[in-house]
S.K.: 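One structure coming up, written as structure tokens, with questions to follow.
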Amino acid sequence: MNNIEQAAEFLKQEDVVAIPTETVYGLAGSAYSEKAIKKIFEVKNRPFYNPLIVHIKSIDDLAKIATNIPPLAYKLADAFWPGPLTMVLDKQDCISDLVTGGKSTVAVRLPGHPVTLELLNQLDFPLVAPSANPFNYLSPTSAHHVEEQLGDKIPYILDGGNCEKGVESTIIGFKNNTPILFRLGALSMEDIEEVAGELTVLNTSKNTPDAPGMLLKHYSPTTKFCLSDNIEQSIEQYRNKRIGLITFNSTVNSTSVFYQIALSNKNDLKEAASNLFSTLHNLDKMNLDVIIAERFPDNGLGKTINDRLQRAASDSTIL
Ligand code: TXA
Ligand code: MG
């Protein structure tokens with residue numbers, strides 16, 4: 001379904017709609033409607049303490065949502081919006097506790113997808129939109145993924161094709177005008193640091209409700225998942241099992257592997273990131289005993305890919 005007017009109509013009636021963004025599909029509702037926000041949490045089965053991102057249509061709208069905005073936030077907005085950067089700022093009074101999980105801060109981004117920008121332009125309110133997946137499952141990167149996961153629970157899925165970035169936005173906050181990384185995402189740390197100087201990384205060794213995107217178990221497939229520093233050894237360990245293998249660019253010659261896929265034959269971390277969730281969705285449907293993924297290079301979007309793989313693996317073996 002690709003009728004923007006129809007999607008706008010549901011949203012004006014305080015209902016929820018799945019929307020395309022450049023990162024992943026979101027489950028959107030009016031940021032000013034208690035009814036819509038409650039439905040988002042209900043449909044996703046998401047705990048109320050996990051706050052939502054507000055999606056705006058222009059940088060001018062930022063001051064309607066947030067206050068005490070540091071100059072650096074505007075500098076970053078100018079550099080990266082529309083795009084996959086979310087900034088956590090002090091909230092304006094119009095943003096309800098339901099959006100922020102009771103916090104005094106709000107997460108805001110200006111998404112870089114033409115369909116959703118057109119939709120936002122037809123509305124006189126911003127949209128809150130978490131990823132359109134059941135809580136803790138893989139984020140959707142196509143309208144088809146949303147249909148499979150939430151199709152029977154929502155009235156409309158606005159189809160904007162496959163998501164270009166394929167992983168969620170990078171989230172940062174500020175302390176005394178210095179940037180703090182809350183969640184690795186589709187914008188690399190290096191790109192942000194070029195504009196903002198060095199990023200401090202929030203300590204995420206614990207399950208901190210400060211940025212639940214950092215919850216240890218998150219983004220998981222239902223199949224047993226293993227992040228491996230030595231794939232030959234991992235394959236050997238699961239020798240008599242039905243193995244699915246995810247690599248960066250290499251092919252492994254082993255009869256033990258039932259199915260294997262390289263996320264980027266041309267060695268491109270951006271391409272690999274954009275294929276990550278769709279690959280996990282596909283492998284999760286193949287009745288595998290285990291999915292083994294190799295660890296990616298620890299730079300650029302490789303860091304984001306490793307973060308998502310680590311979370312997918314968090315209640316199974318990390319070799
Ligand atoms: O790319 C994206 O960001 C996608 C698309 C749809 O825009 N959205 C997304 O939303 O990933 P969600 O709800 O799956 O993740 C939002 C993350 C959560 O980890 C939440 O904890 C964090 O944003 N967050 C929201 N408000 C926050 C706040 N005030 N302080 C700290 N973290 C916050
Ligand atoms: Mg999510």
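Atom set for the values below is all heavy atoms of this structure, side chains included, hydrogens, waters and symmetry mates excluded. For reference, positions follow the sequence shown, starting with 1. For clarity, every value in this text was computed on a predicted model and none was experimentally measured. Atoms within each ligand, like the ligands themselves, are counted from 1 in listed order.
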S.K.: Say whether Pro111 and ligand 1 are in contact under the criterion: heavy-atom distance to a ligand atom below 4.0 Å.
M.R.: no
S.K.: Does any N or O atom in Tyr25 lie less than 3.5 angstrom from one in ligand 1, N or O only?
M.R.: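 For ligand 1, there is no N or O atom that lies under 3.5 Å from one belonging to Tyr25.
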S.K.: Please could you name the atoms of ligand 1 that Phe182 approaches to less than 4.0 Å, counting only its heavy atoms?
M.R.: 31 (C)
S.K.: Do Pro134 and Leu150 touch side chain to side chain, with heavy atoms closer than 4.5 Å?
M.R.: yes
S.K.: Taking both backbone and side-chain atoms of Glu168, is any N or O found less than 3.5 Å from an N or O belonging to ligand 1?
M.R.: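 N/O-N/O distance below 3.5 Å does not exist for this pair.
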S.K.: Please report the interatomic distance OH(Tyr259) to CD1(Ile246), rounded to the nearest 0.5 Å.
M.R.: 9.5 Å
S.K.: Under 4.0 Å from any heavy atom of Ser169, which atoms of ligand 1 are there?
M.R.: 1 (O), 2 (C), 3 (O)
S.K.: I'd like to know if Glu22 pairs up with Arg109 as an ion pair, taking the criterion as any Lys NZ or Arg NE/NH1/NH2 lying under 4.0 Å from an Asp or Glu carboxylate oxygen.
M.R.: yes
S.K.: For ligand 1, which atoms have a heavy atom of Gly26 less than 4.0 angstrom away?
M.R.: 6 (C)
S.K.: Show me which atoms of ligand 1 lie under 4.0 Å from any heavy atom of Ile171.
M.R.: 17 (C), 22 (C), 23 (O)
S.K.: Arg109: heavy atom below 4.0 Å from ligand 1, yes or no?
M.R.: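 Arg109 counts as a contact of ligand 1 under the 4.0 Å cut-off.
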S.K.: Is the shortest distance from a Lys or Arg side-chain nitrogen in Asp15 or Lys39 to a carboxylate oxygen in the other one below 4.0 Å?
M.R.: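 Judged by the 4.0 Å cut-off on N to carboxylate O distance, Asp15 and Lys39 do form a salt bridge.
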S.K.: If the threshold is 4.0 Å, N to carboxylate O, is there a salt bridge linking Glu168 and Arg183?
M.R.: no
S.K.: Against heavy atoms of Asn50, which atoms of ligand 1 measure under 4.0 Å?
M.R.: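 Near Asn50, the atoms of ligand 1 are 18 (C), 20 (C), 21 (O).
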S.K.: I'd like to know if Asp307 and Arg311 make a salt bridge, using a cut-off of under 4.0 Å between side-chain N and carboxylate O.
M.R.: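 Looking at Asp307 and Arg311, the cut-off is met.
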S.K.: So, 4.0 Å and heavy atoms of Thr100: is ligand 1 close enough to count as a contact?
M.R.: no
S.K.: Under 2.8 Å from the Mg ion (ligand 2), is there an N/O/S atom belonging to Ser139?
M.R.: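 Here the distance criterion (N, O or S atom, under 2.8 Å) is not met by Ser139, so no.
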S.K.: Pick one of side chain, backbone, both or neither for how Ile19 approaches ligand 1, counting any non-hydrogen atom pair under 4.0 Å.
M.R.: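 Within the 4.0 Å criterion, Ile19 makes no contact with ligand 1.
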S.K.: Of the backbone atoms (N, CA, C, O) and the side-chain heavy atoms from C-beta on, which set of Arg46 has a member under 4.0 Å from an atom of ligand 1: side chain, backbone, both, or neither?
M.R.: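 Only the side chain of Arg46 comes within reach of ligand 1.
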S.K.: Please classify the Thr105 to ligand 1 contact at 4.0 Å (heavy-atom distances, strictly less than): side chain, backbone, both or neither.
M.R.: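 It is both backbone and side chain that touch ligand 1.
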S.K.: Non-hydrogen atoms of His55 versus ligand 1: any pair closer than 4.0 Å?
M.R.: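 Judged by the 4.0 Å heavy-atom criterion, His55 does count as contacting ligand 1.
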S.K.: Does ligand 1 come near enough to Thr23 that some N or O of the ligand is less than 3.5 Å from an N or O of the residue?
M.R.: yes
S.K.: Can you sort out which atoms of ligand 1 are near Arg183, meaning under 4.0 Å from one of its heavy atoms?
M.R.: 2 (C), 3 (O), 9 (C), 11 (O), 15 (O), 16 (C), 17 (C)
S.K.: Counting only N and O atoms by type, is there a donor-acceptor contact under 3.5 Å from the side chain of Ser256 to the main-chain atoms of Ile235?
M.R.: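 Checked: no pair found.
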S.K.: I'd like to check which ligand 1 atoms, numbered from 1 as shown, lie under 4.0 Å from a non-hydrogen atom of Ala129.
M.R.: 6 (C), 8 (N), 10 (O)
S.K.: Does any N or O atom in Thr21 lie less than 3.5 angstrom from one in ligand 1, N or O only?
M.R.: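 In fact, backbone or side chain, Thr21 has no N or O that close.
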S.K.: Of all residues at least two apart in sequence or in a different chain, which pass the side-chain hydrogen bond (donor to acceptor under 3.5 Å, both in side chains) check with Lys270?
M.R.: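 Not a single residue meets the side-chain hydrogen bond (donor to acceptor under 3.5 Å, both in side chains) criterion with Lys270.
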